Number of protein chains: 2
Amino acid sequence: MATPTPTRQRRRGHDPESVLSIAVGVFNERGYDGTSMEDLARALGVTKSAIYYHVPGKEQLLARALDRALDGLSEMVADQRAASGPAIERLEWVVRQSVRILVDRLPYVTLLLRVRGNSHTEQAALERRREFDAFISRLVKEAAAEGSIRPDVDPALVTRLLFGTVNSIADWYQPSRGASSDDVADALLKMAFNGLRV
Amino acid sequence: MATPTPTRQRRRGHDPESVLSIAVGVFNERGYDGTSMEDLARALGVTKSAIYYHVPGKEQLLARALDRALDGLSEMVADQRAASGPAIERLEWVVRQSVRILVDRLPYVTLLLRVRGNSHTEQAALERRREFDAFISRLVKEAAAEGSIRPDVDPALVTRLLFGTVNSIADWYQPSRGASSDDVADALLKMAFNGLRV
DNA sequence: TTGTCAACTGACTGAATGTTCGGTAAACAC
DNA sequence: GTGTTTACCGAACATTCAGTCAGTTGACAA
């Protein structure tokens, strides 16, 4: 045969992808700064030095993880559905998509939400995140200007409360509990848009 | 005179209180694990070793800070106003008080909300915090049972969303922007209880 | 002037940290 | 079999870390 079956059973081991996904899990359990390469090695079932065969170092792991979260948000901002139609409907769509991204990429987004800017990598991620926050802020302001949001609350405050609620999902959401992204988004939108009171 | 004036101008310097309050500020900027004693010393304007004259060590600083946050929550749970009356009104009161405690003790509560359980100190704090969460959870369930909350959302989900929103305030609130604790609580309660839509 | 004491410095220690490197065993290609 | 590649180990590396301790400084009391 000319082509050797490419997916032949190779010697089992890690690759950059499996290292990243396990590492992000540990980062979220113990915090990035609270995680040592020794911790990662233990979680991977190898020695510290083996990690460096797959990835360049600890900070690169963080950078790749943060990009996964930020790329999701960037795609959403670029979507046509975030650009046309009544602002209140676009806002609803953006909230729903944000919840979906948060749930789909839970460990990566969770990590992003905890970044404080201690390194260049973290500062760059915060910068990209700020662009997203500015986008949201404009959207809420438009919805308020169109008269779709109660006028007795400052739109800046609404933005922070609304997306504070979305982001807080990362602190408690567990896929194993059965609630889907849409279940959570439905509940959130009911509460924030129509209120909890009967 | 028998008693030497006790508040005479002593040689200016730090005391355990000023060390704690500055340390907590740095912990919140860089994260507890991301903060070295050298970082603290720089912020205090002294050398590392001077810190140990005032406080026993890094972890004790964390423990004292977390207690400040948790003591506030404990007091609220013990208050009579959290125990009698319609559940929905008690819930509203607890939300408002939670926002007040968060704002009044902002740096301490912020630190508490970021604890992951890496040490015994952190685990003990998480344990105390879980008691508070259980209290809240019961309260929301009661309000739902009394028919004061829309029945089409799971009370457990309501609890997480509502207090996720409260906790997220720590991520953005700045006293210098002028909004008081009550301003924020008003906006939050309007959104969560009555909805943003006009 | 002398003594006391709170507040601090500077030099240090041992442990932990992220990273590097020489070597190696097993799987594969030929 | 022979050579190559993949995935890893173990030992070391320089650096950073929390914490210690003997000594110094300066304000104040007597």
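This is a predicted model, so every value here is computed, not measured.
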Roughly how many Å is it from [atom1] in [X] to [atom2] in [N], rounded to a whole number?
{"X": "Glu59(A)", "N": "dT17(C)", "atom1": "CD", "atom2": "C1'", "value": "14 Å"}
{"X": "Glu17(A)", "N": "dA7(D)", "atom1": "CD", "atom2": "C1'", "value": "18 Å"}
{"X": "Ile51(A)", "N": "dT17(C)", "atom1": "CD1", "atom2": "C1'", "value": "13 Å"}
{"X": "Tyr32(A)", "N": "dT17(C)", "atom1": "OH", "atom2": "C1'", "value": "12 Å"}
{"X": "Leu44(B)", "N": "dT9(C)", "atom1": "CG", "atom2": "C1'", "value": "15 Å"}
{"X": "Met37(A)", "N": "dT16(D)", "atom1": "CE", "atom2": "P", "value": "17 Å"}
{"X": "Arg42(A)", "N": "dG18(C)", "atom1": "CZ", "atom2": "P", "value": "12 Å"}
{"X": "Glu38(A)", "N": "dT19(C)", "atom1": "CD", "atom2": "P", "value": "14 Å"}

Identify which nucleotide among [options] has an atom closest to any side-chain atom of [X], counting heavy atoms from C-beta outward.
{"X": "Tyr53(B)", "options": "dA6(C), dG18(C), dC8(D)", "value": "dA6(C)"}
{"X": "Ser36(B)", "options": "dA18(D), dA7(C), dC9(D)", "value": "dA18(D)"}
{"X": "Lys48(A)", "options": "dT9(C), dA12(D), dC8(D)", "value": "dA12(D)"}

Any side-chain to backbone donor/acceptor pair from Arg96(A) onto Leu189(A)? Under 3.5 Å, distance only.
no
For residues Val19(A) and Tyr53(A): do they belong to one hydrophobic cluster (side chain heavy atoms under 4.5 Å, members Ile, Leu, Val, Met, Phe, Trp, Tyr)?
no
Crowded around Lys190(B) NZ? As in, over 12 foreign heavy atoms under 6.0 Å?
yes
From the list Glu92(B), Glu146(B), Glu89(B), salt bridge (Lys or Arg N to Asp or Glu O under 4.0 Å) with Arg197(A) holds only for Glu92(B)
salt_bridge(Arg68(A), Glu17(A)) N-O dist < 4.0 Å
yes
It should be established whether His54(B) places a side-chain nitrogen or oxygen under 4.0 Å from OP1 or OP2 of nucleotide dC8(C).
yes
When only distance counts, do a donor and an acceptor, one from the side chain of Lys58(A) and one from the base of dT19(C), lie under 3.5 Å apart?
no
Indicate, yes or no, whether a donor-acceptor pair under 3.5 Å links the base of dG10(D) to the side chain of Ser49(A).
yes
By nearest heavy atom, map His14(B) and Tyr52(A) onto DNA chain C; which one lands nearer the 5' end?
His14(B)
